[in-house]
Protein chains: 2
Amino acid sequence: MPDTRSLRSDARRNYELIVAAAVAEVARSGADASLEKIARDAGVGSATLHRHFPSRQALLEAVFHDRVEGLCAQARELATAAEPARALADWLRALAVHGATARGLAASLLASAREPAPPSSSTCEFMLRDAGGALLRRAQEAGTVRPEVTMDDLLTMVNAVSLATEDGPHAERLVTLAIDGIHPAPAR
Amino acid sequence: MPDTRSLRSDARRNYELIVAAAVAEVARSGADASLEKIARDAGVGSATLHRHFPSRQALLEAVFHDRVEGLCAQARELATAAEPARALADWLRALAVHGATARGLAASLLASAREPAPPSSSTCEFMLRDAGGALLRRAQEAGTVRPEVTMDDLLTMVNAVSLATEDGPHAERLVTLAIDGIHPAPAR
DNA sequence: ATCGAAGTGGGGTGGCACCCCGTTTCGATC
DNA sequence: GATCGAAACGGGGTGCCACCCCACTTCGAT
């Protein structure tokens, strides 16, 4: 987000038209939607789209910005819940459902996770890592999550599941499975 | 595999040239390698490639055929191991490493898993489901794996992890995590 | 040696990402 | 409210791709 307020009025208008068109198109066709079509729908030239968003990733970040903020807010609420491990699990499930539901969110997060060091460090991925990290730390301090588990592990796992399922209920089931493991009873 | 022996000699020769080129190219660029380039490398026209392999998926199936057979063989060996749950876990880890290592294998398996009902039912995916299914059943009968876990769960999970990591050690770590869950000690 | 069927591949079509650069529009200034 | 440089625009070009058509070549049974 290169601070929309510093843009000229026409530029800002186009920026918003593009994001709106991208939201619609990504919802329909997923993360690999055609950028040309998004530009066409927004009523701007493709060059304008590419000027505002130098990479597909940059556009997706704008598209998913609200959803990611929602998840971060949810994490902040859960940070004071009674059972830290359950709070973490609930949040991971919510993340999985968003990732599987919002076509392309998971793919987008994974892609940015694999980048070496994205110059603009305000990416969605970091916001989520921080938000979830707090939940994880609390659960580990309470002794209900093993200490060697990292936020990276969990984010990758959840995004992997979302990516593979693209369907809410399945994603939730698999995340629950991964959290509890495949062995019987004693868990918890 | 439409039974290579029923083809005319030149057709069979081309079929094999294409698969050889595809193996090399997929190893270099992953599952979304350029089909045009594969055809060029194989020294055939692109139409020939498309005639032999009507979809990208069909070509990938031929490319990964050997690897999948190897995994099935390994499953058959493990089917008599002493600790069924450990045998299953070992096999899943092996699958994850292959999926993460052989660029595109995981993506390919997941794609075929999501197809509604692929007409030719001899796909890699079914072979793996059967091979792993035996290991899972044995572990469940021994009571060391919960009965509601399905082979579908495990295959999706492992492929998801492979897809998300594309790197052997990470994939193995995450599969182990998913098998044992995130909670401390009592597991096993 | 013949000949029909099986197989081939050059070239066409339409779509895509990404970029160049002549033109338009904005808005700070007076 | 007219001026003008900088900012933004977008049509059109390039090169890549998947996929298909169809005139031509090759195989192999007879």
Side-chain angles (χ1 to χ4, degrees), chain A residues 1-22 24-26 28-63 103-104 107-108 111-112 115 118-119, chain B residues 1-22 24-26 28-63 103-104 107-108 111-112 115 118-119:
Chain A
M1 254 182 324
D3 190 4
T4 1
R5 272 163 311 193
S6 67
L7 293 175
R8 233 168 64 173
S9 66
D10 55 344
R12 182 168 55 251
R13 206 173 50 85
N14 280 337
Y15 180 99
E16 272 149 25
L17 284 173
I18 291 170
V19 172
E25 190 56 24
V26 167
R28 191 177 322 128
S29 326
D32 48 1
S34 156
L35 301 183
E36 297 279 317
K37 175 158 176 45
I38 291 172
R40 241 177 290 127
D41 289 357
V44 305
S46 64
T48 300
L49 185 149
H50 284 285
R51 197 170 328 104
H52 280 296
F53 304 98
S55 70
R56 173 181 298 274
Q57 189 57 34
L59 177 56
L60 289 176
E61 216 141 280
V63 166
R103 305 187 45 127
S108 155
S112 80
E115 291 301 299
Chain B
M1 256 178 323
D3 190 6
T4 359
R5 272 163 310 192
S6 67
L7 293 174
R8 234 168 61 173
S9 65
D10 55 343
R12 182 166 57 249
R13 207 172 52 85
N14 279 337
Y15 180 99
E16 272 149 23
L17 285 173
I18 291 170
V19 172
E25 189 56 24
V26 167
R28 191 177 324 128
S29 326
D32 48 1
S34 157
L35 301 182
E36 298 278 315
K37 175 157 176 45
I38 290 173
R40 240 178 290 128
D41 288 357
V44 305
S46 64
T48 300
L49 184 149
H50 284 284
R51 196 169 330 102
H52 280 297
F53 303 98
S55 68
R56 174 182 298 275
Q57 189 57 32
L59 176 56
L60 289 176
E61 216 142 280
V63 165
R103 304 186 46 127
S108 155
S112 81
E115 291 301 301

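Naming convention: chains lettered A, B, ... in sequence-line order (proteins, then strands); numbering from 1 in each chain. Only a predicted model underlies this, so the values are computations on that prediction, with no experimental measurement involved.
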message: In this structure, how many angstroms lie between the P atom of dG10(D) and the CG atom of Leu49(A), rounded?
response: 11 Å
- request: Taking all heavy atoms of Ile38(B) and all of Ala21(B), pick out the closest pair and write down the distance.
  value: O-CB, 3.6 Å
message: Can you measure His52(B) atom NE2 to dT8(C) atom P for me and round it to whole angstrom units?
response: 4 Å
- request: Side-chain contact test, heavy atoms from C-beta onward, threshold under 4.5 Å: evaluate it for Val44(B) versus His52(B) and give yes or no.
  value: no
- line: In B/S/- notation (B base, S sugar-phosphate only, - none; protein heavy atoms under 4.0 Å), nucleotides 22-30 of chain C written 5' to 3' is ---BBS---
message: Any heavy-atom pair between the side chains of Arg51(A) and Thr48(A) that's under 4.5 Å?
response: yes
message: Whether Asn14(A) contacts dC9(D) is assessed here as follows: a side-chain N or O lying under 4.0 Å from the phosphate OP1 or OP2. Is that the case?
response: yes
- prompt: Where does the angle between the aromatic ring planes of Phe53(B) and Tyr15(B) fall among parallel (under 30°), tilted (30 to 60°) and perpendicular (over 60°)?
  reply: tilted
query: Taking OP1 and OP2 of dC9(D), is either one under 4.0 Å from a side-chain nitrogen or oxygen of His50(A)?
result: no
message: Nearest 0.5 Å, please: how far is CG in Leu59(A) from CG in Leu49(A)?
response: 6.0 Å
message: Please report the distance, rounded to the nearest Å, between CG in Leu60(B) and P in dA18(D).
response: 12 Å
- prompt: In whole Å, what is the span from the CZ atom of Arg13(B) to the P atom of dG28(D)?
  reply: 11 Å
field: Gap between atoms CZ and P, on Phe53(A) and dC18(C) respectively (whole Å)
entry: 14 Å
task: With sequence neighbours excluded, give me every salt bridge (charged side-chain N to carboxylate O under 4.0 Å, His left out) pair touching residues 33-48 of chain A.
output: Lys37(A)-Asp41(A)
message: Asp32(B): which residues meet the salt bridge (charged side-chain N to carboxylate O under 4.0 Å, His left out) condition with it, sequence neighbours left out?
response: none
message: Is Arg51(B) close enough to dG7(C) that one of its side-chain N or O atoms is under 4.0 Å from OP1 or OP2 there?
response: no
- line: As a check of understanding: the bend across the helix from dA1(C)-dT30(D) to dC30(C)-dG1(D), end axes from five pairs, rounded to 10 degrees, works out to 0°
- request: Measure the NE2-CD1 distance between His50(A) and Ile18(A) for me, rounded to the nearest 0.5 Å.
  value: 10.0 Å
statement: Rounded to whole Å, the CG-P distance (Asp32(B) to dA17(C)) equals 14 Å
- line: Sequence neighbours excluded, the answer for side chain to side chain contact (heavy atoms under 4.5 Å, CB included) partners of Arg13(B) is Leu17(B)
task: Identify the heavy atoms of Arg12(A) and Leu7(A) that sit nearest to each other, and give their distance.
output: NH1-O, 3.4 Å
- prompt: Where the side chain of Arg56(B) meets the backbone of Ala31(B), is there a donor-acceptor pair that is under 3.5 Å apart?
  reply: yes
Polar atoms only, N or O, under 3.5 Å: list the protein pairs with nucleotides 12-17 of chain D and their distances.
unit_1  : atom_1 : unit_2   : atom_2 : d
dC17(D) : OP1    : Ser34(B) : OG     : 3.4

